[in-house]
Amino acid sequence: MEILKIKNLNMVFTSKSIHGTEKVHVLKDVDMSVNEGEIVALVGESGCGKTTLGKIIAGLYEPTSGEVVFMGNDLKKIKKKEKKQYRKAVQFVQQDSYAALNPVRTIYQSMYAPLKANNKNLPKSAITKLVNHYIELVGLTPAEQFIRKYPHQLSGGQRQRILIARVLSLNPKLIIADEPISMIDVSLRLSILNLIASLNEEFNLSVIYITHDLSTVRYVVKRGRLFVMYLGQIVESGPCEDVLLSPLHPYTQALISSVPIPDPNIERKKPPVLIKSMEIPDIRDRVEGCSFSNRCYYADDEC
């Protein structure tokens, strides 16, 4: 069952500078879908529009044009009450766990607030049990060691788990994880990726995993699909293994070629990255047709 469908989505921001007002076309004609219980990866270089798309899906931005359909309902047409239910069903896990948690509130207070807001008839003791349950659900045990601490007293990995616990406490149907491991020590990244994958299997959660790091995608997505974004456009999509093993678009090929391989013998035999320039162009300078054509070795007039 298709839980989310994005059709012909465009996002234009108005930018003001000393030269006047300028319209920046950040997302262009984006098509994407997510099935129930599926993990989808959205991959691309920094600044290509991945987070903007995630915030549109989460209801934080209103798209300039196009459709966002969730469980058969077009977000532009739903009523205020349904919009509130949607904001609860679709949750966003931020990249910066420290900025996402109030520094003057304990972990208990940060977890308690959304649970109380959505369970107003429950007594405090019942909500406290729920707080402990969700904290232990993400691997922080015993919960009593963490609930009275402040965000600065936890490691980056522990704070990220708290964010995931807070999101799970609202019983969402779709989670958007925006670069959830980019600010975590390398030694802890795999544990967070495994946590996301296990929660997907246990609760049949749909997940959109946003990242610029292709080397982490296989750990999370496995049987899901991969969408490759470049300068606000989806340039390739398909089953994760198919895209990683047989990439068709030159940009995807360049991304995969740039992933380091631990074995030096294999690394030396890798074909070179066929790309004209390592400089990422400004999204304002996106060309018509294929947005990658000005960096691609295979580009011709048709592109």
Side-chain angles (χ1 to χ4, degrees), residues 32 34-35 37-55 57-58 91-98 100 138-139 155-165 167-168 174-203 205-230 234-249 251-263 266-267 270 273 275 278 280:
M32 185 179 177
V34 182
N35 296 321
E38 181 185 29
I39 298 185
V40 162
L42 180 61
V43 179
E45 293 168 306
S46 297
C48 71
K50 304 186 302 295
T51 298
T52 299
L53 179 57
K55 289 183 176 180
I57 295 170
Q91 290 293 310
F92 194 85
V93 179
Q94 295 91 334
Q95 178 179 358
D96 188 347
S97 59
Y98 189 78
V138 296
S155 69
Q158 290 170 339
R159 286 196 300 269
Q160 200 66 50
R161 287 173 184 267
I162 292 296
L163 287 187
I164 295 172
V167 159
L168 290 175
L174 172 65
I175 290 178
I176 303 157
D178 182 21
E179 304 271 13
I181 60 170
S182 63
M183 302 183 73
I184 298 176
D185 292 341
V186 175
S187 59
L188 299 173
R189 290 181 179 182
L190 188 56
S191 64
I192 298 296
L193 296 177
N194 287 335
L195 172 63
I196 293 172
S198 65
L199 292 172
N200 160 257
E201 292 179 5
E202 185 175 351
F203 298 102
L205 272 174
S206 299
V207 179
I208 298 176
Y209 173 60
I210 298 175
T211 183
H212 66 270
D213 188 356
L214 258 180
S215 63
T216 67
V217 168
R218 187 178 274 113
Y219 287 105
V220 182
V221 180
K222 296 178 183 175
R223 296 178 299 276
R225 285 175 296 152
L226 176 60
F227 290 81
V228 182
M229 178 175 278
Y230 181 75
I234 301 294
V235 296
E236 184 167 359
S237 64
C240 182
E241 286 298 317
D242 291 354
V243 174
L244 293 178
L245 294 175
S246 303
L248 299 178
H249 197 281
Y251 175 64
T252 313
Q253 294 170 5
L255 275 182
I256 293 173
S257 297
S258 66
V259 176
I261 298 174
D263 190 327
I266 299 176
E267 180 70 23
K270 274 198 335 182
V273 179
I275 186 170
M278 299 305 290
I280 305 172

Do [X] and [Y] come within less than 4.5 Å of each other through their side chains, counting heavy atoms only?
X: V93; Y: I175; value: yes
X: E241; Y: R218; value: yes
X: I164; Y: L199; value: yes
X: K50; Y: T211; value: no
X: R161; Y: I192; value: yes
X: L244; Y: C240; value: yes
X: I184; Y: Q160; value: yes

Could you work out, with side-chain contact (heavy atoms from CB on, under 4.5 Å) as the rule, every residue matching [X], not counting sequence neighbours?
X: Y98; result: D96, P103, P151, H152, R159
X: A41; result: V43, Y209, V217, V221, L226
X: Q158; result: L140, F146, L154, S155

Please list, chain by chain and in numerical order, all residues satisfying side chain to side chain donor-acceptor pair (under 3.5 Å) with [X], sequence neighbours excluded.
X: N200; result: none
X: D213; result: S215
X: E201; result: none
X: E179; result: H212

Heavy-atom pair of closest approach, residues [X] and [Y]:
X: G49; Y: M229; value: C-SD, 3.7 Å
X: S97; Y: L163; value: CA-CD1, 3.5 Å
X: G54; Y: F92; value: C-CE1, 3.8 Å
X: S206; Y: G37; value: OG-N, 2.9 Å

Heavy-atom donor-acceptor pair, [X] side chain to [Y] backbone, under 3.5 Å:
X: S246; Y: V243; value: no
X: Q95; Y: P180; value: no
X: D242; Y: G238; value: no

### Query
Crowded around F203 CZ? As in, over 12 foreign heavy atoms under 6.0 Å?
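Yes.
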#### Entry: Residue from L42, V34, I210 passing side chain to side chain contact (heavy atoms under 4.5 Å, CB included) with I176
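Single pass found, and it is I210.
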### Task
Quick one: list whatever passes salt bridge (Lys or Arg N to Asp or Glu O under 4.0 Å) with E236, sequence neighbours left out.
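Once residues adjacent in sequence are excluded, E236 has no partner under the salt bridge (Lys or Arg N to Asp or Glu O under 4.0 Å) criterion.
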### Query
What residues form a salt bridge (Lys or Arg N to Asp or Glu O under 4.0 Å) with R225, not counting sequence neighbours?
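For R225 the salt bridge (Lys or Arg N to Asp or Glu O under 4.0 Å) partners, ignoring immediate neighbours, are E38.
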### Message
I'd like to know whether L255 forms a side chain to side chain contact (heavy atoms under 4.5 Å, CB included) with V228, so could you lay out the CA-CA distance, the side-chain angles of the two residues, the decisive distance to 0.1 Å, and finally the verdict.
### Response
CA-CA 10 Å; L255 275 182; V228 182; 4.0 Å; yes
### Message
Holding to ring-ring contact (aromatic ring centres under 6.0 Å, His included), I want the full list of residues that pass it with Y230, two or more places apart in sequence or in another chain.
### Response
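With neighbours one apart ignored, the set is Y251, F292.
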